[in-house]
Amino acid sequence: MLFGRKKKNPIKINDKGAVEWKYTTCGYCSTGCSIEVGLDKEGKAVSARGVGDADVNRGKLCIKGIFEYELFETAGRGRVPLVRDRSHQPFQQASWNQALDKVATEIQRIQDSYSRDAFAIVSTGQIMTEEFYTLGKLARGVIGTNNYDGNTTLCMSSAVSGYKRSFGSDGPPGCYEDFEHTDCLLAIGSNLPEQHPVIYWRMREAREKRKFPLIVVDPRVTMLAQNADMHLPISPGTDVVLLNSIAHVILQEGLQDQAYIDAHTEGYAAFKELVEDCDPVSAAKICGIDEDSIRNVARLYAKAASAMTIWTMGINQSTHGSDGVVAINNLNLITGNIGKPGGSSLSITGQCNAMGTREWSSCSGLPGYRTLEKEQDRREIAEYWGIDADFFPDKRGLFMTDILPAIETGQIKGLWLIATNPMTSMPNTARIRKTLEKLEFLVVQDAYADVETNEYSHVFLPAAIWAEKEGVFTNTERRVNLIRNVIEPFGESKPDFWIFNELARRIERERKPNFPETTEQVFEEMKQLSSGRMLDISGMSYERIERKRGMQWPCRDGDEDGEQRLYGDGVFQYPDGRARLIPLRFVDNNERPDEQYPFWLNSGRVVEHFHSRTRTGKVGNQNKFSPTPYMEMNPDAALELGVEHSSYARLVSRRGDAVVLVQCTQRVPRDMVFVPFHFHECVNRVSLGLLDPHSRQPAFKQCAVRVEAIEDQQAASAINLAARAY
Ligand code: SF4
């Protein structure tokens, strides 16, 4: 009996009237959960559930996946194409023909007036792989601009760059099943329970069965850190110092796997020489982790029968993000922890199809992990597409983070943004606003007409969203999964695939590739181009992928299943088959706290929202649980400044300011504040975003700010409200 009541209220599950369930894959994060969307008898999406026999999520979904079906009819969706001559004028509705003709004409005008590269394209990690491949064909094979990149530069390019430098190619070597075999897990800058809840659940279940130690490296006491055996609260931006010094202890105490190093790596002597200087006593003074803890972690990791490292933005979004990834790979190479069950360097990817763009979009090269720099790759693709190989440049163009400064300096005059929102996602909002205003022509292609960046566009193309179309995504563990077309596109919006094909028809070129009519035909093309390569998908088909609830690559023609891990044979993608051990000298170039700006600004995600909230900001439950831009602040620091819990405060940097709701918590140290990055006109008004020299990824997580109490709380609340207008 509970509080005198004889009867508990029964749990009621409302019958939403679903009469049919359709298979698809979640379109938010890269975990890659299989979802079934329930349709009522009118064909309206009314519910969602996890797919029980899908290996990835085994029936589970996080809050974003549970309510994803609501996206189809959320506010702000783009219903019709919109055009205008100047960005300060009101939009006029247009037909698809009018809008697409205008885009094609403007692309050609800019290219004829300036140069082919004066028109740039920035895409996303959110559309289907077949759409990426088609966009790549259009960008590289028809439009012919070399300034073509994706917003994955903001999240995953350090991982890509680090994998390429260490292993000779991109491609995460491990899988989720590694949690079930590992004897030691090191998680650096990755807050799984909030970022990737279903991967967290897989890890936690494995850990409950086998009790392996979990070591979390993070400046903040994240939810994952609270669950760790050991939390190393590192000073921001010093991961390379910590990892070099762990390697120092391993080599000094002879704990390395010398047989593996000798058989499969190159560069050991130079690496050893560098880490000899990285003793834990000196390292402790820089990275803030005491020498005993460094030694303990090194011994634990090296002595484990198998050990793995996972990481996310804490490593990638840094001025030495690529070096951080290489340092993780170094650690796993010297301990022989690559390509074996429970031994891996596994980057936990961000967007649902960040992997698909890496593999097939041609952003940084050519499809199927081919590069522009290799003549043979250029020739192969040109021949397959039926165009002249000389049409391709022989080295990659600008990254997204260099395209925007090139607009500022006038080298780029036109821009096409596809499902990306730099007005919220790029550092230094004021600078991005000025940059976009300089464009002669901006086309925004997005599912939402109210996406902030659309304020500066000349043409808006309304795109279909997620399961309003069909194709595949690749997840963090290289698993290709299918998105079935569950429902018709909203209003007059069209699949991105259709838009790319229509534009290809409109742009004049002497020789043009063929553009198939369906995504399944495109998938067949990709299969042919993948055959015999590292990312071989020739053994897959839409029907097999759905039946198996996703298949991992490589999966060769005739294989029953894909392979779970890469490099199990110790053969890497460099021509000599050896991985590289790379010495990494630490350069501290961050903007550090000082007297004027005494706090580190750290940023990250909350479980309810995804990226710039374009979608989750419209879903009732997501907003209910995470309604406002807030700031975690240490209570002692708040007391000193007269800033109260639950009051609004002003966050100020050398770039600008933002108003945030203060949440006093011991999760952050006294010299740090944390702000979620999802909200418009918030953290990126103050962030700096210095770029990594290899990956060009911005250091979103390291800059200096000060906090000021606000007297007029009512005015502050109005400003704060504007940042969460939806
Ligand atoms: S964990 Fe990621 S893929 Fe799975 S339901 Fe949540 S957002 Fe979707």
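As the structure lists them, so they are numbered: ligands from 1, and atoms in each ligand from 1.
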Name the orientation class of the two ring planes belonging to [X] and [Y] (parallel below 30°, tilted from 30 to 60°, perpendicular beyond 60°).
{"X": "W311", "Y": "Y163", "result": "tilted"}
{"X": "H611", "Y": "F677", "result": "perpendicular"}
{"X": "Y567", "Y": "F167", "result": "tilted"}

Atom indices of ligand 1, in the order listed, that fall short of 4.0 Å to a heavy atom of [X]:
{"X": "G65", "answer": "5 (S)"}
{"X": "Y28", "answer": "7 (S)"}
{"X": "G32", "answer": "3 (S)"}
{"X": "K64", "answer": "7 (S)"}

Exercise. N/O/S of C26 less than 2.8 Å from atom 8 (Fe) of ligand 1?
Worked result: yes
Heteroatom test (N, O or S) for C29 near atom 2 (Fe) of ligand 1, limit 2.8 Å: yes
Below 2.8 Å, any N, O or S contact between C33 and atom 4 (Fe) of ligand 1? yes
Cation-pi check, R220 onto F674 ring (under 6.0 Å, within 45° of axis): yes
Presence of salt bridge, R77 and E468, under 4.0 angstrom: yes
| task | Run the ring-centre check on W466 versus Y28 and record whether the distance is less than 6.0 Å. | result | no
among protein heavy atoms, the one nearest atom 6 (Fe) of ligand 1 is C62 SG, 2.3 Å
